Amino acid sequence: MADLTLRNVKKAYGSLNILHGIDLDIESGEFIVFVGPSGCGKSTLLRSIAGLEEITSGDLSIDGERVNDVPPSKRGIAMVFQSYALYPHMTVYDNMAFSMKIAKENKAEIDKRVKQAAEILQLTKYLDRLPKAMSGGQRQRVAIGRAIVRNPKVFLFDEPLSNLDAALRVATRIEIAKLKESMPNTTMIYVTHDQVEAMTLADRIVVLKEGRIEQVGSPMELYKRPGNLFVAQFIGSPAMNILPGKVDKAGSNTAITHIGGKASVPIATPASAQGTEISFGVRPEDLYVAKGKDSLFEGKVDYIEQLGEVQLVYVDIGRGIELPLIAKLPGNVPIERGATMKLDASAEDLHIFDANGSSFLQHKPEAKAA
Ligand SMILES: Nc1ncnc2c1ncn2[C@@H]1O[C@H](COP(=O)(O)OP(=O)(O)OP(=O)(O)O)[C@@H](O)[C@H]1O
Ligand SMILES: [Mg+2]
């Protein structure tokens, strides 16, 4: 069991500031996923938690104890990296036992823990093999096993699956989900670029951008109620469509004009939002072919990517908008390139963001003037 607290954690390399004051509370047994664009500081944050990087300022606590100055080996943390670097001349068993042997644990204990880990990871029948006689996915499982035997309180993963091919990724992702189930008290922090891994594995996702936290929440919270434009476009694939617009009537049901027409959005906006420019968002999968005469959008089908189960339809809605609107529609709907298409979405699937990119859902209602 271990909870983690990060308070105003900063990291700089020389004069280069990388992490700008991270505040985060992680509960014991949680599965936390860090996502964000390349270079935003995910690995740096993970390595700082592990103690492989010294933080420049701030406090890092594990179970209430400040560990800023505690060496990595004493933090009760194990880390699994993208490149698994097993010892090629050692069997799977010896690879997994290595750190315990170095720590001079007794033989019976080593044997027990290696066999337990092998069981969890379905590696029992490979214990005598050398790494070269195993697949990439199996080798990555050995690397995870090496970490499990250390009986960590906190497990850190830095893109552990990104060297694997698509099918193996799926299989190993499920192994990791099961691993978490078998270790309910172990806190896990997992870095990934993969949307599916983030959505399926996380209890909570932390979205990072340029060394700052943009939003923390459950996968569905981030998907349904992104706090700002960045999170809205980062979570979900293809990304949320964003169009310019204007608030016609502020209030509990905000009326807006957007580039395709008008909409009434069931999101409260303060009176001060009246007449302001906004960004209007709708996810590709929330659009559907309009049934009636009136529709949210109308345009010409510019391009279609048929993926079988779904098709991505690029609709040119004109009016100076260069980016096409992308609609994710069922694959079996007949659609022709060049045809006129009307698209709609339910009011509750619409998003509006203020001029700073913050979602109006996050706005506090304004105090009424007396
Ligand atoms: N030892 C170092 N010295 C100087 N700058 C560094 C060092 N290590 C990392 N950086 C910089 O810190 C920033 C964050 O790097 P980091 O590896 O944490 O990013 P990341 O989010 O893990 O990216 P990726 O998704 O590509 O792995 C980058 O701009 C990187 O160039
Ligand atoms: Mg990284």
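Just so you know, ligand 1 is whichever comes first in the structure, and atom 1 is the first atom listed for that ligand. Quick caveat: nothing in here was measured; it's all calculated off a predicted structure.
- Among protein heavy atoms, the minimum distance from atom 26 (O) of ligand 1 is reached at Ser38 OG, 2.5 Å.
- Heavy-atom proximity to His193, at under 4.0 Å, picks out these atoms of ligand 1: 25 (O).
- Polar contact with ligand 1: present for Gly39 (N/O pair, distance under 3.5 Å).
- Taking a distance limit of 4.0 Å, we find that atom 18 (O) of ligand 1 is approached by some protein heavy atom.
- Relative to the six-membered ring of Phe230, Lys209 meets both conditions, a distance below 6.0 Å and an angle of at most 45° to the axis.
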- request: Please step through ring-ring contact (aromatic ring centres under 6.0 Å, His included) for the pair Phe353 and Phe360, ending with a clear verdict.
  value: CA-CA 6 Å; Phe353 305 90; Phe360 277 107; 8.6 Å; no
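- Closest to atom 7 (C) of ligand 1, if we only count protein heavy atoms, is Tyr13 CE1, 3.2 Å.
- At least one heavy atom of Glu159 sits closer than 4.0 Å to an atom of ligand 1.
- Looking at Ile18 next to ligand 1, no N or O pair under 3.5 Å apart turns up.
- Using a cutoff of 4.0 Å between basic side-chain nitrogens and carboxylate oxygens, Lys115 and Asp111 are scored as salt-bridged.
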message: Apply ring-ring contact (aromatic ring centres under 6.0 Å, His included) to residues Phe98 and Tyr87 and explain how you reach the verdict.
response: CA-CA 9 Å; Phe98 188 71; Tyr87 299 108; 4.8 Å; yes
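- A cation-pi arrangement is not found for Arg129 relative to Tyr93, the charged atom failing to lie both closer than 6.0 Å to the ring centre and inside a 45° cone about the ring normal.
- The shell of residues lying under 4.0 angstrom from ligand 1, judged by heavy atoms, excludes Arg47.
- For a distance bound of 2.8 Å, the N, O or S atoms of Ser43 include one lying that close to the Mg ion (ligand 2).
- A 6.0 Å sphere centred on NZ of Lys300 holds no more than 12 heavy atoms belonging to other residues, nucleotides or ligands.
- Among Val191, Leu19, Thr44, Asp158, the residue whose heavy atom lies closest to atom 15 (O) of ligand 1 is Thr44.
- No salt bridge links Asp128 with Lys125; every basic N to acidic carboxylate O contact stays at or beyond 4.0 Å.
- Ligand 1 has Gly41 within reach: a non-hydrogen atom of the residue lies less than 4.0 Å from it.
- Distances below 4.0 Å separate heavy atoms of Ser43 from the following atoms of ligand 1: 17 (O), 18 (O), 20 (P), 22 (O), 27 (O).
- Between Tyr190 and Phe31, the ring center distance clears the sub-6.0 Å criterion.
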